[in-house]
Structure formats: C-alpha cells, structure tokens
Amino acid sequence: MGLVTYRVEKQECEIITLNSFSEREGVATELLQAAEKAALKFGCNRLWVITTNDNLDALRFYQRRGFRITKIHTEALKESRRLKPEIPEIGLYEIPLRDEIELEKDLH
Ligand SMILES: CC(C)(COP(=O)(O)OP(=O)(O)OC[C@H]1O[C@@H](n2cnc3c(N)ncnc32)[C@H](O)[C@@H]1OP(=O)(O)O)[C@@H](O)C(=O)NCCC(=O)NCCS
C-alpha cells in the first residue's frame, strides 16, 4: 500500500522516499511512524526529510506530524536539472518547481 525508505548516518535518519499508493487512509502516517520507531532503535536524535516547494501535500503532512521547516535551499532544482534534465519546470498545483525544503523532527 506504500513504501518508505530511509538511511541512518551519525545519529540522524533521513527519509529518502515516502509514497502512498492509497491516499488519505493513513498509510503514510503509519509508514512515518515505523520509520521514526526504526530511527529511535538506531539511536537517532533527528529525523529529517527534503521535499520541494510545490509539494504542499507533503509540507502539510509533515508539519502536522511534528516536523518543522529548518532550511530552504533556494533554486536547488537548477542543479538537480543539470544531472536530471527531465525534472519539469512546473510542479504540483502548477507551482514553479524551484526550491528544496528541509524539515526535521527532534526525536528527544
Ligand atoms: C504525502 C503522502 C505521502 C501522504 O500519504 P497518505 O497515505 O495519503 O497519508 P495519510 O493518509 O497518512 O494522511 C494524509 C491525510 O489523510 C487523512 N486521513 C488519514 N486517514 C484517513 C481516513 N481514513 N479518511 C479520511 N482521511 C484520512 C489524514 O488525516 C491526513 O490529513 P492531515 O495531514 O490533515 O492530518 C502522499 O500524498 C504521497 O505519496 N505523495 C507523493 C509522494 C510524496 O510527495 N512523498 C512525500 C515527500 S518525501
């Protein structure tokens, strides 16, 4: 029904991908809880994720679950497009796709 991938490095856990194939049924909430549980098991004190400025659903989702915005990498998509030119100029909700937004949850 969904998939979460993450990596652990130096007591920090980064969510690499979080996808729900059946939205608005609590799938991603459960996957996020499982990732947080794993992060705690590995002794992490920080859970973090990067999303893009157009992904209002993800920004809402994470902020409602204890994450806060900690960094905005403005124009980061320019660099990403150098490596992956197929990244579109216009993203979700017809919002220009430009910036990366970092969110984190303190696990203490
Ligand atoms: C963002 C994303 C992961 C959310 O997945 P999801 O499975 O729909 O998430 P949930 O169902 O757990 O929660 C989403 C909303 O549905 C609501 N919801 C959960 N169960 C529900 C139910 N049974 N009935 C109605 N609404 C429900 C939740 O309350 C939540 O709303 P809220 O944030 O206002 O509380 C999903 O939209 C997605 O896969 N997006 C594409 C990939 C992506 O952007 N990933 C994140 C960046 S890494």
Side-chain angles (χ1 to χ4, degrees):
M1 293 179 80
L3 180 72
V4 62
T5 61
Y6 55 85
R7 74 185 175 98
V8 172
E9 192 184 350
K10 293 184 194 155
Q11 293 186 302
E12 297 191 348
C13 179
E14 179 185 9
I15 293 170
I16 310 284
T17 63
L18 175 62
N19 288 90
S20 174
F21 310 131
S22 184
E23 293 188 316
R24 300 197 70 80
E25 290 177 13
V27 172
T29 301
E30 286 218 21
L31 288 170
L32 184 64
Q33 282 167 359
E36 183 172 332
K37 209 170 150 192
L40 285 166
K41 200 180 81 183
F42 285 113
C44 296
N45 50 37
R46 178 177 182 251
L47 184 59
W48 65 286
V49 64
I50 285 188
T51 188
T52 46
N53 66 292
D54 63 322
N55 199 342
L56 306 184
D57 294 335
L59 289 168
R60 168 183 163 148
F61 175 84
Y62 286 116
Q63 289 184 90
R64 284 181 52 104
R65 285 159 186 79
F67 284 71
R68 59 198 174 91
I69 293 172
T70 48
K71 283 185 193 140
I72 301 175
H73 307 278
T74 55
E75 304 291 351
L77 273 293
K78 270 188 189 160
E79 178 60 19
S80 307
R81 279 193 196 94
R82 266 191 347 104
L83 306 167
K84 219 176 158 188
E86 64 271 25
I87 296 174
E89 290 290 335
I90 304 295
L92 297 164
Y93 301 105
E94 296 188 25
I95 295 173
L97 185 47
R98 292 193 178 116
D99 315 311
E100 285 182 351
I101 297 180
E102 194 173 313
L103 299 104
E104 73 171 40
K105 183 173 176 182
D106 194 340
L107 296 181
H108 281 122

S.K.: Decide whether Leu18 and Leu92 are clustered together by the hydrophobic rule: side chain heavy atoms of Ile, Leu, Val, Met, Phe, Trp, Tyr closer than 4.5 Å, transitively.
M.R.: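 Yes, same cluster.
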S.K.: Apply side-chain contact (heavy atoms from CB on, under 4.5 Å) to Leu103 and list each qualifying residue two or more places apart in sequence or on a separate chain.
M.R.: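 Counting only residues at least two positions away or on another chain, Leu103 forms a side-chain contact (heavy atoms from CB on, under 4.5 Å) with Val49, Thr51, Leu59, Tyr62, Gln63, Phe67, Ile69, Ile101.
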S.K.: Through direct or indirect side-chain contacts below 4.5 angstrom among Ile, Leu, Val, Met, Phe, Trp and Tyr, which residues connect to Ile90?
M.R.: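 Members other than Ile90 - counting any ILVMFWY side chain reachable under 4.5 Å - there are none.
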S.K.: Side chain to side chain contact (heavy atoms under 4.5 Å, CB included) for Glu100 and Leu77? Distances and angles first, verdict last.
M.R.: CA-CA 7 Å; Glu100 285 182 351; Leu77 273 293; 4.0 Å; yes
S.K.: Going by side chain to side chain donor-acceptor pair (under 3.5 Å), name the residues that satisfy it together with Arg81, two or more places apart in sequence or in a different chain.
M.R.: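 Residues passing side chain to side chain donor-acceptor pair (under 3.5 Å) with Arg81: none at all.
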S.K.: Can you sort out the partners of Lys78 under side-chain contact (heavy atoms from CB on, under 4.5 Å), two or more places apart, ordered by chain and number?
M.R.: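 Scan of Lys78 (side-chain contact (heavy atoms from CB on, under 4.5 Å), adjacent residues dropped) gives Glu75.
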S.K.: Looking at Ser22 and Val27, what are the two nearest heavy atoms and their distance?
M.R.: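 Taking every non-hydrogen atom into account, O-CG2, 3.7 Å.
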S.K.: Mind checking whether Leu97 and Ile95 sit in one hydrophobic cluster, side chains of I, L, V, M, F, W, Y counted as touching below 4.5 Å?
M.R.: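 Looking at the clustering, Ile95 is in a separate group from Leu97.
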S.K.: Is there a path of hydrophobic side-chain contacts, each under 4.5 Å between heavy atoms of I, L, V, M, F, W or Y residues, that connects Ile15 with Ile72?
M.R.: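 Ile15 and Ile72: one cluster.
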S.K.: Identify whether Phe61 and Met1 are in the same connected component of the hydrophobic contact network (ILVMFWY, side-chain heavy atoms under 4.5 Å).
M.R.: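 Hydrophobic grouping puts Phe61 with Met1.
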S.K.: For residues 7-26, which residue pairs pass the salt bridge (charged side-chain N to carboxylate O under 4.0 Å, His left out) check, not counting sequence neighbours?
M.R.: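 Only Arg7-Glu9, Arg7-Glu14, Glu12-Arg46 qualify under salt bridge (charged side-chain N to carboxylate O under 4.0 Å, His left out).
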S.K.: Who pairs with Ser20 by side chain to side chain donor-acceptor pair (under 3.5 Å), at least two apart in sequence or on another chain?
M.R.: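 Listed in chain order: nothing, the list is empty.
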S.K.: What's in the same ILVMFWY side-chain cluster as Trp48, cut-off under 4.5 Å, chained through other members?
M.R.: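 Same cluster as Trp48: Ile50.
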S.K.: Please list, chain by chain and in numerical order, all residues satisfying side chain to side chain donor-acceptor pair (under 3.5 Å) with Asp106, sequence neighbours excluded.
M.R.: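 Partners of Asp106 by the side chain to side chain donor-acceptor pair (under 3.5 Å) criterion, ordered by chain and then number, come out as His108.
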S.K.: How many angstroms lie between atom SG of Cys44 and atom CG of Leu107, to the nearest 0.5 angstrom?
M.R.: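 It is 7.0 Å, given to the nearest 0.5 Å.
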S.K.: Quick one: do Val4 and Leu32 satisfy side chain to side chain contact (heavy atoms under 4.5 Å, CB included)? Show the steps, please.
M.R.: CA-CA 7 Å; Val4 62; Leu32 184 64; over 6 Å; no
S.K.: If you measure from CG on Asp99 to CG on Asn53, what distance do you get to the nearest 0.5 Å?
M.R.: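 The CG atom of Asn53 is 4.5 Å from CG of Asp99, to the nearest 0.5 Å.
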S.K.: Taking side chain to side chain donor-acceptor pair (under 3.5 Å) as the definition, give me every residue that meets it alongside Thr29, ordered by chain and number, with sequence neighbours left out.
M.R.: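 So Thr29 forms a side chain to side chain donor-acceptor pair (under 3.5 Å) with Arg65.
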S.K.: With sequence neighbours left out, which residue pairs that include part of residues 30-42 fulfil the side chain to side chain donor-acceptor pair (under 3.5 Å) condition?
M.R.: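 Non-adjacent pairs meeting side chain to side chain donor-acceptor pair (under 3.5 Å): Glu36-Lys105.
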S.K.: For residues 82-93, pull every pair meeting side chain to side chain donor-acceptor pair (under 3.5 Å), keeping only residues two or more places apart or in separate chains.
M.R.: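 Of all non-adjacent pairs touching residues 82-93, those that pass side chain to side chain donor-acceptor pair (under 3.5 Å) are Asp57-Tyr93, Glu79-Arg82.
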S.K.: What's the spacing between Leu47 CG and Tyr6 OH if we round to 0.5 Å?
M.R.: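 These two atoms lie 10.5 Å from each other.
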